[in-house]
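This chain uses plain numbering: 1 for the first residue, then up along the sequence.
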Amino acid sequence: MPFAPGNQRLSPRGEIRKYPYDPREVMSSNPLTTLRYGSSLARGRLTPGTPANAETYLHKVLGRELYQDLGLTHYLRRFYGVEPSTIDRQFVDDRMQFLLKAAEPAALVRSVRYMVGAKQNGASNVQTHRIALARPRDGFDALYAPVRDSLEARGVTFQLGAKLVSVQRGDGGFEIALGDRTVRARRLINTMPLPVVSRFLDGAPDIDLKSSRLISLYVSFEGKRAFSAPVFFNFHAD
């Protein structure tokens, strides 16, 4: 079913803002602040050398001033559990394309047009027209049934709700004990966390990896909410 997508974030000032940034934060009503951001952005883009980590990379892409004022330090530190200066630059290329695209010159020009259009129209929000789809009310079973039927027609077998007992290497592959039977396969693709997998491997030592839980709160209610889109991201210091 079609729906209007959108995400928001908690800003360093405790305000609900657009994600990854609100054009009104970049194109400030204070000309001196806008000039400060522009000069910082120019210095970052013109600084020679290859950034060594995520923090210096974002300094180069956004400018040090905007990077700090948008609260990206707080977001990265909270989400990944380490200082941004210890995150590899390659990680930004792989996982933060949303931010790099938002900092491209064309995107910044669109921010200026956004500000001008909002002032001319007296609107606080300029909506873009795009189509997004959500799962049907019938649930994921109805959504993925055609995919499953297609794969089964090509020889794929699904075993849902199986109880995994152990995994061992066998002749030319793996033996997966499911309680009531054993499945043999040449290749085994795993999507479980390594500490969980170690419990099923014969003779494998326990693996203790540091991790942080990602907790989201979903509330269902009737009436008008105080924000226009889900607030998924926290850029606030506290």
Side-chain angles (χ1 to χ4, degrees), residues 3-30 33-34 36-38 40-41 44 51-104 107-108 110-111 114-115 118 123-128 130 132 134-135 191 193 195 209-238:
F3 78 110
N7 292 320
Q8 293 179 321
R9 78 187 210 285
L10 183 64
S11 78
R13 296 180 180 85
E15 302 168 331
I16 302 300
R17 291 284 195 172
K18 281 178 173 289
Y19 175 81
Y21 69 86
D22 191 319
R24 288 171 293 183
E25 296 175 281
V26 180
M27 305 302 297
S28 172
S29 58
N30 185 342
T33 301
T34 302
R36 180 166 60 90
Y37 288 156
S40 177
L41 174 63
N53 54 63
E55 185 173 65
T56 55
Y57 187 24
L58 291 173
H59 284 173
K60 187 175 182 67
V61 172
L62 296 174
R64 185 185 297 268
E65 299 286 345
L66 188 57
Y67 168 81
Q68 292 176 345
D69 286 1
L70 288 179
L72 280 165
T73 300
H74 312 314
Y75 168 73
L76 292 172
R77 185 185 296 127
R78 178 178 296 111
F79 193 79
Y80 298 109
V82 296
E83 290 299 320
S85 59
T86 65
I87 300 175
D88 191 89
R89 172 253 168 93
Q90 184 65 40
F91 181 85
V92 181
D93 285 331
D94 294 340
R95 298 295 300 273
M96 300 189 70
Q97 284 297 317
F98 69 92
L99 190 60
L100 302 183
K101 291 180 179 179
E104 291 176 349
L108 295 176
R110 286 195 296 271
S111 294
Y114 167 93
M115 293 295 296
S124 59
N125 248 336
V126 176
Q127 298 292 333
T128 56
R130 54 182 175 174
R135 68 173 178 84
T191 60
L209 294 179
K210 293 182 179 180
S211 61
S212 59
R213 293 182 178 274
L214 301 180
I215 301 176
S216 296
L217 176 64
Y218 293 88
V219 180
S220 177
F221 66 96
E222 291 184 359
K224 185 178 181 180
R225 59 188 180 186
F227 46 89
S228 58
V231 183
F232 281 143
F233 305 95
N234 185 2
F235 285 56
H236 195 277
D238 299 326

> List the atom pairs, with distances to 0.1 Å, where a side-chain N or O of residues 231-238 and a protein N or O form a donor-acceptor pair under 3.5 Å, not counting sequence neighbours.
| unit_1 | atom_1 | unit_2 | atom_2 | d |
| --- | --- | --- | --- | --- |
| Asn234 | OD1 | His236 | N | 2.9 |
| His236 | ND1 | Asp238 | N | 3.0 |

> Quick one: CD on Glu55 to CD on Gln68, what's the gap to the nearest 0.5 Å?
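Answer for the CD-CD pair, Glu55 versus Gln68, is 8.0 Å.
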> Identify the heavy atoms of Ser40 and Glu65 that sit nearest to each other, and give their distance.
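What the structure gives for the nearest pair is OG-N, 3.1 Å.
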> Got Leu10 and Ile16 here, is their nearest side-chain heavy-atom distance under 4.5 Å?
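Heavy-atom side-chain distance check passes, below 4.5 Å.
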> Check Glu15 with Arg13, please: is the shortest side-chain N to carboxylate O separation under 4.0 Å?
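Salt bridge between Arg13 and Glu15, a charged N being under 4.0 Å from a carboxylate O: no.
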> Between OG1 of Thr34 and CG of Leu66, what distance do you get to the nearest 0.5 Å?
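Those atoms lie 10.5 Å apart.
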> At their closest point, which heavy atom of Leu76 faces which heavy atom of Tyr67, and how far apart are they?
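Looks like CD1-OH, 4.1 Å.
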> Are Thr33 and Tyr37 close enough that some pair of their side-chain heavy atoms sits under 4.5 Å apart?
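Touching, per the 4.5 Å side-chain cut-off.
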> Please check: side-chain N/O of Ser11 versus main-chain N/O of Arg17, any donor-acceptor pairing under 3.5 Å?
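Checking the backbone N and O of Arg17 against the side chain of Ser11, no donor-acceptor pair under 3.5 Å is found.
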> Looking only at heavy atoms, which two atoms of Val61 and Leu41 are closest? And how far apart?
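The pair with the smallest heavy-atom distance is O-CD1, 3.0 Å.
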> What is the distance from atom OG1 of Thr73 to atom CG of Leu58, rounded to the nearest 0.5 Å?
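Interatomic distance, Thr73 OG1 to Leu58 CG, rounded to 0.5 Å: 8.5 Å.
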> Is the backbone N or O of Lys18 less than 3.5 Å from a side-chain atom of Arg9, with the two atoms forming a donor-acceptor pair by type?
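Side chain of Arg9 to backbone of Lys18: a pair is present.
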> Is it the case that atom CZ in Arg64 sees more than 12 heavy atoms from other parts of the structure closer than 6.0 Å?
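Not more than 12 within 6.0 Å, no.
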